[in-house]
J.: 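Before I ask anything, here is the structure I am working with.
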Amino acid sequence: LRIDADTAMNTHSAAAALVAAGAVLAGVDSVLRDRARFAFCAVRPPGHHAEAAQAMGFCLFNNVAVGAAHALARGLTRVAILDFDVHYGNGSARIFAGDPRVLVCNSFQQQIYPYWHAENAPNCADAPLSAGDGGERFREAIERIWAPALARHAPELILVSAGFDAHADDPLAGLALLEDDFGWIGCRIRAWAQEYCGGRVVASLEGGYDLRALAASVEAFVRPFCTD
């Protein structure tokens, strides 16, 4: 079954998508019950392009959005979604646009899929980048745009759409990030979580299509959460 030019399903896809979304729910429950401070969900299919009633962009269910809604249903009043995939997380932004309980922060390469971003949504903090921008510009944009938005929102839980297709070796885009940049954003997210929400972070895998770069980048991102 083909949904669009990028998104198709076979007989196993629905089950895989349910397990992926369920992994994020389990991660949220784990950190909210103080069984863990950090959960990384190494799942496929990814989720951040899926909208409330539309699968798209390799994504069937919006795993992180489901996790955010679950956290709110469990009584939280302020949640943040941080998305550093090279492609804009249109699904998360559309689902929560205008909802003051959910801060949605995106860094992304402009003028590539999905060719849209959340203009003028007061709860969306967008850090647009251009092809060829490397780690220095990425880090500057995160500090300039995400950091003050997080300080104002003071989330009780941070959810991460952890995409690694901004890596220099990835074939789908051109931001030219390296493993050290993903290690850096892991450190920053851990520090924000410690400041605002008792260290509670649930991350879910999004993009990443060069397998060597993906493995190395995930390791670099996760490592800061595994140290005291």
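In what follows, every heavy atom counts, from backbone to side chain, and hydrogens, waters and symmetry copies are set aside.
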J.: Could you measure the distance from the CZ atom of Arg190 to the SG atom of Cys187? Nearest 0.5 Å is fine.
T.: 8.0 Å

J.: Answer with yes or no whether the hydrophobic clustering places Val160 together with Trp146; edges join I, L, V, M, F, W, Y residues whose side-chain heavy atoms lie under 4.5 Å apart.
T.: yes

J.: Taking the side chain as every heavy atom from C-beta outward, state whether Leu157 and Val28 have any pair of such atoms under 4.5 Å apart.
T.: yes

J.: Quiz question: by atom type and distance under 3.5 Å, do the side chains of His167 and Asp210 form a donor-acceptor pair?
T.: no

J.: Taking atom CZ as the centre, does Arg137 end up with more than 12 heavy-atom neighbours from other residues, nucleotides or ligands that are less than 6.0 angstrom away?
T.: no

J.: Any side chain to side chain donor-acceptor pair (under 3.5 Å) involving residues 13-27? Give me the pairs, sequence neighbours left out, ordered by first then second residue.
T.: Asn10-Ser13

J.: Which distance, rounded to the nearest 0.5 Å, do you find between the NE2 of His87 and the OG of Ser107?
T.: 12.0 Å

J.: When the aromatic ring centroids of Phe221 and Phe84 are compared, is their separation below 6.0 Å?
T.: yes

J.: Under a 4.5 Å cut-off applied to non-hydrogen side-chain atoms, are Leu214 and Tyr209 in contact?
T.: no

J.: Counting the benzene-type ring for Trp, do Tyr88 and His48 have ring centres under 6.0 Å apart?
T.: no

J.: Quick check against the 3.5 Å criterion: does Gln109 have a side-chain atom that pairs as donor or acceptor with the backbone of Gly174?
T.: yes

J.: Give a yes or no on this: more than 12 heavy atoms of other residues, nucleotides or ligands lie within 6.0 Å of atom CZ of Arg35.
T.: no

J.: Relative to the ring of Phe138, is the ring of Trp184 parallel (under 30°), tilted (30 to 60°) or perpendicular (over 60°)?
T.: perpendicular

J.: Hey, could you give me the CG/OG distance between Asn106 and Ser161, rounded to the nearest 0.5 Å?
T.: 8.0 Å

J.: Report yes if some heavy atom in the side chain of Leu159 is under 4.5 Å from a heavy atom in the side chain of Val201; otherwise report no.
T.: no

J.: Among residues at least two apart in sequence or on other chains, which ones pass salt bridge (charged side-chain N to carboxylate O under 4.0 Å, His left out) with Asp34?
T.: Arg37

J.: On a heavy-atom basis, which atom in Ala97 and which in Ala121 lie closest, and how many Å separate them?
T.: CB-CB, 4.3 Å

J.: Please list, chain by chain and in numerical order, all residues satisfying salt bridge (charged side-chain N to carboxylate O under 4.0 Å, His left out) with Asp99, sequence neighbours excluded.
T.: Arg101

J.: What are the two closest non-hydrogen atoms of Leu129 and Ala141, and how far apart are they?
T.: CD2-CB, 4.1 Å

J.: Going from CG on Leu150 to OH on Tyr196, what distance comes out if it is rounded to the nearest 0.5 angstrom?
T.: 6.0 Å

J.: Please walk me through it: do Tyr115 and Asn90 pass side chain to side chain contact (heavy atoms under 4.5 Å, CB included)?
T.: CA-CA 9 Å; Tyr115 309 103; Asn90 59 291; over 6 Å; no

J.: Identify the two heavy atoms, one from Ala93 and one from Cys124, that lie closest to each other, and give their separation to 0.1 Å.
T.: CB-SG, 4.2 Å

J.: Of all heavy-atom pairs between Ala220 and Pro224, which one has the smallest distance, and what is that distance?
T.: O-CD, 3.2 Å

J.: Could you work out, with salt bridge (charged side-chain N to carboxylate O under 4.0 Å, His left out) as the rule, every residue matching Glu219, not counting sequence neighbours?
T.: Arg223

J.: Which pairs count as side chain to side chain donor-acceptor pair (under 3.5 Å) when at least one residue sits in residues 68-79, sequence neighbours excluded?
T.: Asp29-His70, Asp29-Arg74, Thr77-Glu156

J.: Can you see which heavy atom on Gly89 is nearest to which on Asp83, and at what distance?
T.: CA-OD2, 3.5 Å

J.: Answer yes or no: is there a side-chain heavy-atom contact under 4.5 Å between Val79 and Phe96?
T.: no

J.: If you round to the nearest 0.5 Å, how far is CD of Glu143 from CD1 of Ile145?
T.: 11.0 Å

J.: Under 4.0 Å between a side-chain nitrogen and a carboxylate oxygen: does that hold for Glu206 and Arg44?
T.: no

J.: Taking salt bridge (charged side-chain N to carboxylate O under 4.0 Å, His left out) as the definition, give me every residue that meets it alongside Asp6, ordered by chain and number, with sequence neighbours left out.
T.: none

J.: Identify whether Val222 and Trp192 are in the same connected component of the hydrophobic contact network (ILVMFWY, side-chain heavy atoms under 4.5 Å).
T.: yes

J.: Would the distance check show the side chain of His153 and the main-chain N or O of Pro155 forming a donor-acceptor pair, the cut-off being under 3.5 Å?
T.: no

J.: What I'd like to find out is whether the side chain of Leu205 reaches to under 4.5 Å of the side chain of Val218, using heavy atoms alone.
T.: yes

J.: Judged by atom type as modelled, is there a donor-acceptor pair below 3.5 Å linking the side chain of Thr7 to the main-chain atoms of Asp4?
T.: no

J.: Could you state whether Val102 and Leu32 fall into the same hydrophobic cluster, counting links through intermediate Ile, Leu, Val, Met, Phe, Trp or Tyr residues with side-chain heavy atoms under 4.5 angstrom apart?
T.: yes

J.: With the 4.5 Å side-chain cut-off for hydrophobic clustering, are Leu76 and Val31 part of the same group?
T.: yes

J.: Do the non-hydrogen side-chain atoms of Ile158 and Arg200 ever get within less than 4.5 Å of each other?
T.: no

J.: Would Trp116 and Arg94 satisfy side chain to side chain contact (heavy atoms under 4.5 Å, CB included), going step by step from the backbone distance to the final call?
T.: CA-CA 10 Å; Trp116 180 88; Arg94 283 189 188 273; 3.3 Å; yes

J.: Just so I know, are the side chains of Val86 and Leu177 near enough to count as touching, which here means a heavy-atom distance under 4.5 Å?
T.: no

J.: Taking the six-membered ring for Trp and the full ring for Phe, Tyr or His, determine whether the centres of His117 and Phe108 are under 6.0 Å apart.
T.: yes

J.: Checking the side chain of Asp165 only, and the main-chain atoms of Asp170 only, is there a donor and an acceptor separated by less than 3.5 Å?
T.: no

J.: Specify whether Phe164 and Phe40 have parallel, tilted or perpendicular ring planes, treating 30° as the upper limit for parallel and 60° as the lower limit for perpendicular.
T.: tilted

J.: To the nearest 0.5 Å, what is the distance between CD1 on Ile142 and SG on Cys105?
T.: 8.0 Å

J.: When you compare the side chains of Glu51 and Asn62, does any donor N or O come within less than 3.5 Å of an acceptor on the partner?
T.: no

J.: Among the clusters formed by ILVMFWY side chains lying less than 4.5 Å apart, do Val202 and Leu72 turn up in the same one?
T.: yes

J.: Report yes if some heavy atom in the side chain of Asn63 is under 4.5 Å from a heavy atom in the side chain of Val43; otherwise report no.
T.: yes

J.: So which atom in Cys41 and which in Ala23 form the shortest heavy-atom distance, rounded to 0.1 Å?
T.: SG-O, 3.5 Å

J.: Determine, step by step, whether Leu103 and Ile81 satisfy the side chain to side chain contact (heavy atoms under 4.5 Å, CB included) criterion, reporting the C-alpha distance in whole Å, the side-chain angles of both residues, the deciding distance to 0.1 Å, and the verdict.
T.: CA-CA 6 Å; Leu103 172 68; Ile81 295 173; over 6 Å; no

